[in-house]
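Numbers restart at 1 for each chain; the letters A, B, ... are given by sequence-line order, proteins then strands. Everything numeric here is computed off the predicted structure, so don't read it as measured data.
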There are 2 protein chains.
Amino acid sequence: MKLTFAELSTELVKKNLRPSHHRIKILEYLLDKQGHPSVDQIFNDLHKEIPTLSKSTVYNTLNLFITARLVRMLTIEDNETRYDLIVDKHGHFKCESCDTIYDFKINIDDFIADELSDFQINDQDVYFKGICPSCLSNKNTL
Amino acid sequence: MKLTFAELSTELVKKNLRPSHHRIKILEYLLDKQGHPSVDQIFNDLHKEIPTLSKSTVYNTLNLFITARLVRMLTIEDNETRYDLIVDKHGHFKCESCDTIYDFKINIDDFIADELSDFQINDQDVYFKGICPSCLSNKNTL
DNA sequence: AATATTATCATAATCATTACAAACTAATAA
DNA sequence: TTATTAGTTTGTAATGATTATGATAATATT
């Protein structure tokens, strides 16, 4: 579901964000890139295309997207924040070998225990960690 | 289920950790304190009792406990790690108003998606955020 | 075009965590 | 007991991710 530059721009405008070039590029990157990139990944990759890009801008833009509820912050790891476009609810699996974060379907609402009936739930995160199939098979061939 | 000093000491020895005074105090603190304390909370509270206690020791000891699988790290928030004694699997709810982290029962295994059948799962975390009943009722009375 | 507003940049500041080396304590052996 | 070794704790310095700040550039508004 590759969106055009113009379509991405509209998405930003919908959220009352000015569709600057940098913002569109960062949004596009988040859409295209699998594995839920970190700030460093985003910055390093986009820096090749946009040499003037500053890391501050990446931070600013991501925080802007978070406030606009376009993007979610994943705190699956304690030393590095990852970012996730908000589409539908899903769980996250981080491979401890290759650091890729995979999405998986999960019906989170089924989880909700009775003991939470008096709580106001704003966010739900399901984080799994382990080894992904690709790294598992590599390990076997070593 | 308050454990005595001697019993806590035995727990450490079981895990091949020397039962030093500091380690026992930190373990005891984790057992007694509700809401999953941060390093700062642990340090500040224990510092009153043990004025010579160093924050390094708190970090060292917690990491030791994690390696020994006595304690789990909670990365529910991106700016502060919380710690959780390993007992049985449960979810964590963080109140965004009072910062307390509540446990709740959850049957994670029932919900594991088929798409993860080829993944080796080592850790499972379920993090919810929102407002706890106590803060909700406070808000209503304001 | 002039002015006000917003974006971006570059650097400095912050803050949680880790690394490190010295000081201290406990365990073991002679 | 003393000497030796291993393990623990401390305090400070280093690291590294993130945020704050002030200057500059771009865009929108009048």
- Message: Under 4.0 Å, counting only non-hydrogen atoms across every strand here, what does D40(A) touch: a base, just sugar-phosphate, or nothing?
- Response: nothing
- Could you tell me whether D40(A) and K55(A) have a side-chain N and a carboxylate O separated by less than 4.0 Å? yes
- Message: So for the helix from dA1(C)-dT30(D) to dA30(C)-dT1(D), with five pairs setting each end axis, what is the inter-axis angle to 10°?
- Response: 10°
- Query: Which of residues 9-22 of chain A have a heavy atom under 4.0 Å from DNA chain C?
  - Reply: R18(A), S20(A), H22(A)
- Query: Looking at side-chain heavy atoms only, is the closest gap between I50(B) and H22(B) below 4.5 Å?
  - Reply: yes
- Apply side chain to side chain contact (heavy atoms under 4.5 Å, CB included) to the pair E11(A) and L17(A), showing each step before the final yes or no. CA-CA 9 Å; E11(A) 285 305 309; L17(A) 301 177; over 6 Å; no
- Task: Measure the distance from CG on L62(A) to C1' on dT8(C) and round it to the nearest whole Å.
- Result: 14 Å
- Query: When the distance from CD1 of I24(A) to P of dA7(C) is rounded to whole Å, what number comes out?
  - Reply: 13 Å
- Query: With a 4.5 Å limit on heavy-atom distance, are the side chains of T81(B) and L74(B) in contact?
  - Reply: no
- Query: Okay, side chain of K89(B), backbone of Q124(B): is any donor-acceptor separation there less than 3.5 Å?
  - Reply: no
- Query: If only atom types and distance count, is the side chain of Y127(B) paired as donor or acceptor with the main-chain N or O of V126(A) below 3.5 Å?
  - Reply: no
- Pairs satisfying side-chain hydrogen bond (donor to acceptor under 3.5 Å, both in side chains), at least one member in residues 58-70 of chain B, at least two apart: none
- Is it true that a side-chain atom of H36(A) and a backbone atom of Q34(A) form a donor plus acceptor pair closer than 3.5 Å? no
- How are the rings of H90(B) and H92(B) set to each other: parallel, tilted or perpendicular (split at 30° and 60°)? perpendicular
- Query: Ignoring hydrogens and geometry, is there a side-chain-to-backbone donor-acceptor pair from E7(A) to T4(A) under 3.5 Å?
  - Reply: yes
- Short N-O contact, D123(A) and R72(A), less than 4.0 angstrom: yes
- Query: Yes or no on salt bridge (Lys or Arg N to Asp or Glu O under 4.0 Å) for K105(A) and D114(B), after CA distance, side-chain angles and deciding distance?
  - Reply: CA-CA 9 Å; K105(A) 285 200 207 70; D114(B) 289 341; over 6 Å; no
- Query: Does the R82(A) side chain pair with the main chain of G35(A), one donor and one acceptor, at a distance under 3.5 Å?
  - Reply: yes
- Message: Is the distance between the ring centroids of Y102(A) and F119(B) under 6.0 Å?
- Response: yes
- Item | Heavy-atom contact window of chain B on DNA chain D, given 5' to 3' at under 4.0 Å | dG7(D) to dT12(D)
- Task: Would you mind reading off the distance between R82(B) atom CZ and dA16(C) atom C1', rounded to a whole angstrom?
- Result: 14 Å
- For DNA chain C, which residues in residues 47-59 of chain B have a heavy atom at a distance below 4.0 Å? S56(B), Y59(B)
- Examine F128(B) together with F104(B) and report whether their ring centres are nearer than 6.0 Å. yes
- Taking only heavy atoms on the protein side, list every residue of residues 73-81 of chain B lying under 4.0 Å from any atom of DNA chain C, sorted numerically. N79(B), T81(B)
